[in-house]
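Everything below concerns the one structure shown next.
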Amino acid sequence: MSVRTRFAPSPTGYLHIGGARTALFSWLYARKHNGKFVLRIEDTDAERSTDESTRAILDGMEWLGLKHDEGPFYQSKRSGIYKAEIEKLISGGHLYRCYCTTEELTARREAARIKGLPPKYDGRCRTRTDAPEGVPYALRFRVPEGSVIFKDIIKGSIKIQNLEIEDMILLRSDETPTYNFCVVVDDATMNISHVIRGDDHISNTAKQILIYNALGYEIPVFAHLPMILGADKTRLSKRHGATSVIAYKAQGFLPHALVNYLARLGWSHGDQEIFSIDELIELFSFDNVGVAAGVFSPEKLLWLNAHYIKESTDSTLAPLLLPFLAELGVKDIKADHRLEVIVSTLKERAKTLKEMAQSALFYFLSSVEYEEKPEKKFLTEEKLPVFTYLKAELEKLEPFNVESIEAIFTALMEKLDLKLGKVAQPVRVALTGGTVSPGIFETIEAMGKEMVISRLNAAITLIENR
RNA sequence: GUCCCCAUCGUCUAGUGGCCAAGGACACCGCCCUUUCACGGCGGCGACGGGGGUUCGACUCCCCCUGGGGACGCCA
């Protein structure tokens, strides 16, 4: 049997972390077994589904590199198929008309809950034989006696008594089909071999198996992934910070970092932490997927992101940094030949691209903005000789690189009998405005002769006019 | 409330009855490197929820308790 997996989000919001991991595992499994990965948009709820959400989900998937082989299929465009299957169920005697209104149902459910009774449908229309004219009705599934037992490749065998399952509505009174029914019809007709989803769907799986049976479909393999929780161990939600995949992109994360993180949240391969995409495909197996829910750790994601930034080449990083610089007001610098060198000075110390842009800002400002304390401490009259010497020497320096710059400093230190620490820090302040930057020689090289000279001049002028 | 799932360091996890006085990673704390900040290196802190079994032997198997999570819609 060929492997066919699917990711079936409902377009009622962005692609979130949990959905992304489900998509990732489904994608990995399909890739690993040379199967197909199908994307299906579950938009049967016309009220809540939006095109923007669909777009956002597609964008998120693309950014993560999770390409689908088939689709996207839209449930809203498959009503003909659902209709035919509903007819089959009707003739098989599996459905009955329910004339209860939403209001009545909600009220009864509440009442049951208060009394401590199971808040499920009481089945009052089950045996109804009349057919009132002009009264809207929904079609409910007649749950048979017995129990559902299914094997989950992650959790093992799961058994649920049919008594626990209510007669669910498959066709609304407006004649649109509902989720549990559509999923079954779609997974069956799309020949999905492995249904991979969050374990919050386990109770749905029992309902769906009943429908599979009623329709005579073959039952697929189920894999219910454990939930992803927030730091407080409750289901991950907005309260826990960013949950949208695209928000991570906006914060300067690399897709590979997020993929690697998500893969290791719930799955493992011995002690290995770093995985290339190809390794993930090669090594992925449900045998190594954990059964317990896991807490999402932004710190570890950050660590992985820093790792992948360090691993990236300057030329791949440079263009990725542009939008983050633009956000800080630095625009039209595509042609700045210094960009890659600048990236090389920063990538050892940035955890995100956003942070890197922030640290790179001083390279692009037309004039330095000194921080108050460093300015007072380091831009002093006593340091004037250092600045004037460097200005004179660097101005005529050729080639202008780390080695030649270091040589100038060595000579300066000898001449003035100063240690590097006494020289580097004042220069750093003069050039960057602050006390934190990459190595001073690297910084000077990356900044470029022109800007270095003008900033030394600015410092000299400032001191002399004080 | 009912049903389902789950339970190793703060967190992600390795561990599939003896290899475990429980290993790795993130975080945290030291030290080293060092022109600042980082990176890096070295070291430290730190866990099998409790109780019963089974067994020559349980982190590993079974049961109970406790604790957590999830599901109970004409949402998906």
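Convention: sequence-line order gives letters A, B, ...; per-chain numbering from 1. All heavy atoms count here, side chains included; hydrogens, waters and symmetry mates do not.
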Subject >> Among B:C39, B:C74, B:C12, the one nearest A:Lys310 by side-chain distance >> reply: B:C39
Original post:
Contact class for A:Leu105 (heavy atom, under 4.0 Å): base, sugar-phosphate, or nothing?
Top reply: base
**OP:** Specify the glycosidic conformation (syn or anti) of B:C39, with syn defined as within 90° of 0.
**Re:** syn
Original post:
Do the side-chain N or O atoms of A:Arg48 get closer than 4.0 angstrom to the phosphate oxygens (OP1, OP2) of B:A76?
Top reply: no
Original post:
Taking any strand in view, what nucleotide pairs with B:U16 in a Watson-Crick or G-U wobble way, both distances under 3.5 Å?
Top reply: none
Original post:
Which sits closer to the 5' end of RNA chain B, A:Phe441 or A:Asp271, going by the nucleotide each is nearest to?
Top reply: A:Asp271
**OP:** Quick one: look up who B:A47 pairs with, Watson-Crick or G-U, both distances under 3.5 Å, and put none if it's unpaired.
**Re:** none
**OP:** Name the nucleic acid region contacted by A:Glu47, choosing base, sugar-phosphate or nothing; use a 4.0 angstrom heavy-atom cut-off, strictly under.
**Re:** nothing
Original post:
Given the P atoms of B:C5 and B:C64, what is the spacing between them in whole Å?
Top reply: 12 Å
**OP:** Give the ring-plane orientation class for A:Phe141 versus A:His94, where under 30° counts as parallel, over 60° as perpendicular and anything between as tilted.
**Re:** parallel
**OP:** Before accepting this row, confirm whether a basic side-chain N of the pair A:Arg55/A:Asp59 lies closer than 4.0 Å to the acidic partner's carboxylate O.
**Re:** yes
Subject >> B:A71 pairs with, by Watson-Crick or G-U criteria that keep both distances under 3.5 Å >> reply: B:U2
Original post:
In Watson-Crick or G-U wobble terms, both distances under 3.5 Å, what is the partner of B:G57?
Top reply: none
Original post:
If we take the P atom in both B:A38 and B:G49, what is their distance in whole Å?
Top reply: 37 Å
**OP:** Could you state the atom-to-atom distance from CG of A:Asn260 to C1' of B:U13 in whole Å?
**Re:** 14 Å
Contact list (N/O, under 3.5 angstrom) for nucleotides 2-9 of chain B vs protein:
residue, atom, partner, partner atom, Å
B:U2, O2', A:Glu164, OE1, 3.2
B:C3, O4', A:Glu164, OE1, 3.3
B:C5, O2', A:Lys155, NZ, 2.8

Original post:
Roughly how far apart, to the nearest Å, are B:A58 and B:C20 at atom C1'?
Top reply: 12 Å
Subject >> Pair A:Arg48 + A:Asp43, salt bridge at N-O below 4.0 Å >> reply: no
**OP:** Can you tell me, in whole Å, how much space there is between the P of B:A7 and that of B:C62?
**Re:** 11 Å
Subject >> Nearest-angstrom distance, P atom, B:C39 to B:A27 >> reply: 8 Å
Original post:
Is the shortest distance from a Lys or Arg side-chain nitrogen in A:Glu348 or A:Lys310 to a carboxylate oxygen in the other one below 4.0 Å?
Top reply: no
Subject >> Charged N-O contact under 4.0 Å between A:Lys120 and A:Glu164 >> reply: no
Subject >> Whole-Å C1' distance, B:C37 and B:C45 >> reply: 26 Å
Original post:
Should A:Asp314 and A:Lys347 count as an ion pair when the cut-off is N to O under 4.0 Å?
Top reply: yes
Original post:
Nearest-Å distance, CZ (A:Arg108) to P (B:C72)?
Top reply: 19 Å
**OP:** Could you check A:Val436 against A:Tyr137 and say which one's nearest nucleotide on RNA chain B is further toward the 5' end?
**Re:** A:Val436
**OP:** Please give the nucleotide sitting opposite B:A25 as a Watson-Crick or G-U wobble pair, both distances under 3.5 Å, or none.
**Re:** B:U11
**OP:** Specify whether A:Tyr212 and A:Tyr217 have parallel, tilted or perpendicular ring planes, treating 30° as the upper limit for parallel and 60° as the lower limit for perpendicular.
**Re:** perpendicular
**OP:** Name the nucleic acid region contacted by A:Ser268, choosing base, sugar-phosphate or nothing; use a 4.0 angstrom heavy-atom cut-off, strictly under.
**Re:** sugar-phosphate
Original post:
Using purine N1 to pyrimidine N3 plus N6-O4 or O6-N4 for Watson-Crick, or N1-O2 and O6-N3 for G-U wobble, both under 3.5 Å, which nucleotide pairs with B:C42?
Top reply: B:G30
**OP:** Respond yes when some side-chain nitrogen or oxygen of A:Arg140 is under 4.0 Å from OP1 or OP2 of B:C74, and no when none is.
**Re:** yes
Original post:
Do A:Arg235 and A:Asp200 sit within salt-bridge range, that is, some charged N less than 4.0 Å from a carboxylate O?
Top reply: yes
Original post:
Between B:U34 and B:G67, how far is it from one C1' atom to the other, in whole Å?
Top reply: 49 Å
Original post:
A:Lys207 side chain N/O closer than 4.0 Å to the phosphate oxygens (OP1, OP2) of B:C72?
Top reply: no
